[in-house]
Amino acid sequence: MSDTKQSLNRREFFSYLTVGWVMFSAACAGLAAMAFRFSYPNVNFDPEMEFLAGAPTDYASGVDERYKNAFGVWMVKSEGKLVALSNICTHLGCIPTWLPAELKFKCPCHGSGYYMSGINFEGPAPRPLERYKVSLQPDGKIKVDKTKVFRQEKGEWDNPDAYLNV
Amino acid sequence: MSESNKEPGMAYSMPKLHKIMAILSFIFLVTTLWVFLDDYMRPWKAYQVEALKIKRRHLDEQIKAAAKEIDSTKLAELNAKLKKVEEIVQSRKSDIESAEKDLKVIVTKFKDQTITNGILNGQVGAINFKYETSLSHKDPKAVTDKAFNKLQELKARFVKGKDSLKALQAEEKVIVTKITEYKKEVTRTEKEIKEITNKLNLLELAKKTTTIDPVFALRNLPFIDFLDPTIKIHQIVVNNVTDDRYFRHVPKVDRCITCHTFIDQPGYEKEVNPHKTHPRIDQMVGLESPHPMKQVGCTSCHGGEGHRVHDFRSAAHMPDTDKQKAEWITKYNWHEPHKIQQPMLTKSQSEASCVKCHSGVELIPGATVLNEGRMAIEKYGCNGCHKIDGWEHKRKTGPSLLKIAGKVDKEWFKSWVWEPKAFNKHTKMPAFFMQSNNSKPEFAKLNMAEVNAIAEYVWDKSKPYEANEKYTGGNAEKGKELISQVGCMGCHGVDGLEDNSKKVKAYAGPWLSGLGSKVKPDWLVSWLKKPWHYQEDTIMPSMRLSNQEANDIAAYLLGLRNVQFEDLKFAKLNLADQDRVLLDYYTAFDTVASAKEKLAKMDSREKTLELGKRSIGKYGCYSCHNVEGFDGLAGIGPELTKVGSKPAGQFGFGIHHDIPHRRDAWITAHLQRPAMWDDGIDKVFKDLNKMPNFYMSETEAKKITVALLGQVSDVIPLSGVKRLTASETMYHDGMKVVNKYGCTGCHQVDGLRGDVLNMYMDDINQGPPRLVGQGHRVQTDWFYNFLGNVQPIRPWLQIRMPSFNLSTEEKNRIVGGFQHGSKQPTFTEPAESVKWIPGEREETIKLWNALNCVSCHSGGFTNDVALAPNLHLASKRLRPTWIKKWLTNPQAILPGTSMPSFWGDDGKTPIETGYFGGDADKQVEALTKYVIELGQK
Amino acid sequence: MAGNGLAKKVRDTQVWKSIFRHGPPDNARNRAAVIAGNVFLHLHPIKLKKSGVQLGYTWCMGGLTFFIFLALTVTGLLLMFYYRPTAEYAFNDIIALREHVPLGIMREIHRWGAHAMVITVWIHMFRVFMTGSYKPPREFNWGIGVILLVLTLLLSFTGYLLPWDQLAIWAITVGSNMAKATPFAGHGGPGAMLARIGDFVMVSDKNDVRFQLLGGRFVGEPALLRFYILHCVFIPLVVGVLIAVHFWRVRKDGGISAPL
Amino acid sequence: MLKELINKIADPLYSFPITTFLFYLMMRYYRIFGSKKFGKWALILSVPVIIWFLADPNFILIILFPDNVPIAILLVMVAFFTWFSLHKAAENDVRIEQGLGPIEATPENREKVWSWPNLVYTELFAIIACTAFLVVWAIIFKAPLEEPANPTWAPNPAKAPWYFLGLQEMLVYFDPWMAGVVLPGLVVAGLIAIPYIDTNPKGNGYYCFQDRKWAIISFLYGWLVLWVYLIIVGVFFRGPNWTFYGPFEYWSLYKIVPEYNINLSEYLWIKGLGVAMPKNLILRESLGIILTILYVGVIPVWAQKATKMGRQFYKDLGSIRYYIFMFLFVTMMSLPIKMVLRWLFSLKYIVALPEWELNL
């Protein structure tokens, strides 16, 4: 009795009915997966988020503004570290000015002030400026990757990707 | 299945339905998998995998090199040292631990204080807002005061809180410094080790990204490859350059770098395509080049379908040679691109695209083929008949015919027009007649009537010309020598001097051949002495020849005869033919009967002049030659401004199926034998293709093709084109005059041309001076006056700076152009009198003597033959800063100059240490002063 | 009411008869025929309980929701003639709709209608809950209704971006930033940082749900196009189908609810 | 001044408990609330109040912002229909108590009537009225159109569409993954689950309250207080920087509210024990994690074992339904609980794991 039942089960499993519908479902799932995949384009037209920023030796100690207009980044070298600092005020997204005489960034909109390190110390800014990922390429060029952001209040500035030892 | 198996109410048996369902589902499943595969298999992916391997190979080599660089003994030493110092630091363990404990306490306190301060900060802000609001609302004083007092209290607390935070920070710093101090030996040694191994480490890190491992496979698996694929389409979006989609211009998208993986990275020059570095990475594509890839893209220059990456063909690659074509056919199954707006320019044509962005410039440095093509267009005067935007300022290529009767014989003229090459095989004058489409006897005789009529018309309109000099006979041998010495060869090729002529490849003037059979002797002497006496707007300069010299040269040139040509007798005007051709014109807008009536009313002379005028108009003679009655008329050829965008289908290929039906192929073929499109086509006389035959070589035709292919309709946005600054405009305007008068036939200007220098390869100092930084070298006033009144500067030169008939404006343009090209202010004259510190002058004279300057610069010092310019003139001619620059290192400016670089290749090596302490700068300064002083005495 | 004169003549023409198979609905037979014979009206039963026609009981909010949906479809279709979903044109086209396109309140009707639909659908749900009409046998239809409610919000949300003004992109930025925080599927959500092998980041701003929604890392031109398609084609289609199911089930589950 | 008082109590800190209390009163005394007299007087009294509100320049500025008009309409409609449904429910409850059965079940109302014209015409009237209303609305109020989209500059405040402002308001108390994804997801799931959890056979197809008290109370609390009320706060009372502004307050960009929130772990380690925060994340947040587990896992069990109502529910629903219901209920209640904790203790997160983007 149990024997026949087992063989019946096996036969049922490999029957045209099961195999047919399993294949049908698989094919439908495959097409659905294609449709899902279709919604992710293979190229995107977002603005450039990475750029090459010369060699570490190109930078003197202090704030370098050469990539500010094109990429919105200050390269800041101090205390043996080179960082890429975002130039967007954390208050309302204005663009602060670097005041070399006073050694601080000052936002023209609501007066937020930041130290050279990016730490906020006056005005309404709620948190320090953000830093971007910097890495060294084998040819000695610095690559700045703006897709990866490091925030001081999250303790991310100590991440080895957030600065270069120079 | 038998009937009995069916359930009642069933049309089919269930097992049968299941079976069909299973079969169809199987097919369905297979097609679904096929969809995945079809989507996944792309040729470019293979290139990227290959590129990965290549990169790995390169990295391996670099790693090997970097490893070799590392001083292994030093590294071992450092590692040993590290172990030692680690022990030292270990011995301070208890100190470190206690410091770290302290630090922990501080950090906790710090955090606590931060929270307190944060709360206070918020309260201060809120109360402050409340206070300010109540002030602005003019609340009762009691309310305001209350808020104010509260605010002051809070602020005081906040300040205190901030103070204690600062105190904590200071404490923290002290402890941190202490800990660093404890650990300093290790940190230092680690840093030293890192300095040595850094490069290797970076390379190893980079190598990791090139491994092909399971993660790599996973990332690039079908379906999953949207997450973070390593193999993907790379693209450049160029907003500055657009694609013309007719309704709209859209930013260019170039995906070429998907396969051309290392195009912008130096170091891959030896790989094969597509993995090769761009051959001119310093000029193009490179990050630091003037045309970085991300700003210019690829197809902006190369053409083709930059956004298509499906396979090799879809990008519309074009082979440069037949060999390459055959290779591509086997390798990529290549065929001519179909339905493509702008196929890629072949490798040798890519310079064409420079013109798209660099307008207002005649010669573009580095674009050799393009420059030669453009010069050829000017040489043959294509722009005369064919309008090209931006070429309007060019003069007519051929000589003026306004006074032709005073120059040549009418019979000669007819034979010449009939077949110019029969007289001068080097001539640029093209052949209109006896071409494949009009050499039939019935056409030829009509052509003859036309030529007769043209001559009659030109002679009728020709103004009388009286030569102002007389040919008195001269020494032909001497003349020949003079021709090769004084500089004629800079513009003219000359019979009998073929060797040098071929070296120079003169460009501005005609090849001088058979003049004895052509011009009147008096005219020739007169022309040589003062060319603008005959033709006011000629660019032919006066070489300031003496009467004897002029006669000698004339003697030589008149001795060149073409006897065969002299014997030619041109057929007399056939009146019937004349009528027949005129009838063609008149019947264009009229019936045959009334046209004939009109003709009958005219006398023979009238008819001839009418036909002459009509024919000059028909063949466009006036485009190259000044002819009375044709002022300001547009050329007869189609405009070429946008010929590079003309659809290939709009070119008529006639019966020539062997010529590839492409724009470039048509233009090249057309230039070599324009009449070919009439082959095998039955045309009436008036409809024949009139483009004359220049008997151009294929090389030349291809160069012109390149120049014309760049004439495209693409509108490059202002942000994308090279916009000349005011200064650059001045420079290029000046260069237009320089090019017009053929200055570059003799002078090499900042490395460009200087054709005649090819005659002086033995001793370049015998040739015309090369002009490098000319605007910096000479003073503005001097330069202007020099152009108007040439004074020899280099007495040892046989070649002469000619006197051109320049207008004031032209002189100003030349001077201004050079000045702006060198980025110099207009006036920098030396000071009125040179100021010396006591003793300096004496020391300078000693140095001067030590260097023995007068051995070459003898002018005004000794009676020796001068081998260098007279330094007494220098202070009026040269800018002081330039004198210094020149003295410092002349070889750097003019390689091969006879002026020695005293201070070595760097201009700093001390010499003559006895003077000015051997300080090069001081010595140069002193000599400069002395030279200026010389001129002021 | 047999009618007379012109009305009768019209009713007797072959054309009229070919369209309306029955006489005027003034007797039982014809009242049944007008409902049963009309493809649009036969959504209704021929007869229903009296409570079902009382506004005090039904509030007519479901019916109004459907009507507003139809009105939005019509106005939306018309707006599509003038509106181009591209970053260059979208804003100008919206201005055009107000400034020179005939019937300058078309966009207003569409926008206010959208808000009204959200309100009516909420109150419809409120009523259905208050009358306990989700109880058996209507559990499934309540579920469909909840999904329709969500889709209504999504329809309105996707439409919000189309004017391409500051209000639009920042509202959508705020709204879509929430998708960023989806656990495991959004790059700012919990679990996202677990999904990585070495430098192979499986959940990042380039491949998470928000990217799928926006077609980019931020609200940009692809987002405009995606929202346009979702708003004009995709969600309306789904909503249309679900509405059909909803109505079908209303009928099959015993008509408009009433005490058992 | 009265306006200042209203400004003050509109702050969720006060208005949320007040609303909850009013909701309690409404449920407790639904028969009084649902009486015609109450409705009449409420209407009569609200008219001058509304006029007084509208007379304020700051309030009118907010209410007349075109996209806020629908919220005003929603408010009016929700108020009316809440009253109306409770009115009908009260009526039916009285009838049921008298043994008469709900009014919808009277033979008179059970009578079958023709769809044409009864239903079709009713619908047509509603459609015509609705169309007219929409057209008038469209003519009077222009659809909003601000400056062209500019990704480099955000307006302040940047608000989501109004129907999502409840979610955005929740963002004040919860991280986006909770406020934007988990909670709304559970709302939808919970709504769909209602018919399967509420197995009470009574109250099917008629208005009533007494027969399904707990179902109505929990639904209405979620709908009126946690949904509509939060939307009102989000739309009308949240200005620049998502700072609270009273209905009569000018939206000054410079308003600052004292707000500095502290994590539970900071309370524990720094303020409580006075030691440094542990490096181990789980240890650091252990208290919050334990509390959360207790809240979600233990409360339902405890309620079932220890409370009378819990036992009753468990008996009525069975274990699966009971736990699903309790899970949904507990999640729903986490919002008010988190609000209260925030106001009382400036508590930022119970579990703060920004390293894992996991904050509760």
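Keep in mind it's a predicted model, so treat the numbers as computed, not measured. Per chain, numbering begins at 1; letters A, B, ... match sequence-line order.
Ranked by heavy-atom pairs under 4.5 Å with chain A, the list B:Leu17, B:Asp225, B:Val30, B:Ile20 is led by B:Asp225. Chosen from A:Gly30, A:Pro41, A:Ser25, the residue pairing most often with chain B at heavy-atom distances under 4.5 Å is A:Gly30. Note: A:Ala33 leads A:Gly140, A:Ser135, A:Ala33 in heavy-atom pairs under 4.5 Å with chain B.
Distance CZ/A:Phe36 to CZ/B:Phe226: 4.5 Å, rounded to 0.5 Å. Separating the CG atom in B:Leu227 from the OH atom in A:Tyr40 is a distance of 8.0 Å, to the nearest 0.5 Å. Here CG of A:Asp139 is found 9.5 Å from CG of B:Leu202. Values are rounded to the nearest 0.5 Å. The structure places CE of B:Met21 at 9.0 Å from CG of A:Leu17, a figure rounded to the nearest 0.5 Å. Summarising the geometry, atom CE belonging to A:Met23 is positioned 9.5 Å from atom CG belonging to B:Leu24; distances are rounded to the nearest 0.5 Å.
With a 4.5 angstrom heavy-atom cutoff, A:Glu48 touches chain B only via side-chain atoms. Proximity to chain A (any heavy atom under 4.5 Å) is restricted, for B:Lys294, to the side chain, taken from C-beta onward. At a 4.5 Å heavy-atom cutoff, the contact between B:Leu287 and chain A is made by side-chain atoms alone.
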| request: Test A:Met34 against B:Val35 for side-chain contact (heavy atoms from CB on, under 4.5 Å), laying out the working first. | output: CA-CA 9 Å; A:Met34 280 303 281; B:Val35 170; 3.5 Å; yes
Verify side-chain contact (heavy atoms from CB on, under 4.5 Å) between B:Val253 and A:Phe45, making sure each step is shown before the conclusion.
CA-CA 10 Å; B:Val253 179; A:Phe45 289 82; 3.7 Å; yes
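Residues B:Leu29 and A:Ala27 approach most closely at CD1-N, 3.6 Å, considering heavy atoms. Heavy-atom minimum distance, A:Pro138 versus B:Leu203: CB-CD2, 3.5 Å.
Between B:Phe28 and A:Phe24, the ring planes are tilted. Angles from 30° to 60° get that label.
Shown here is B:Glu195, whose CD atom has more than 12 heavy atoms of other residues, nucleotides or ligands within 6.0 Å. Remark: A:Lys77 NZ is packed, more than 12 non-hydrogen atoms of other residues, nucleotides or ligands lying under 6.0 Å away.
Using a cut-off of 4.0 Å between Lys/Arg side-chain N and Asp/Glu carboxylate O, A:Arg37 and B:Asp39 are scored as not salt-bridged.
Taking 4.5 Å as the limit, every side-chain heavy atom of A:Val43 sits out of range of all side-chain heavy atoms of B:His234.
Distance alone, capped at 3.5 Å, is enough to place a donor-acceptor pair between the B:Gln235 side chain and the A:Asn44 backbone.
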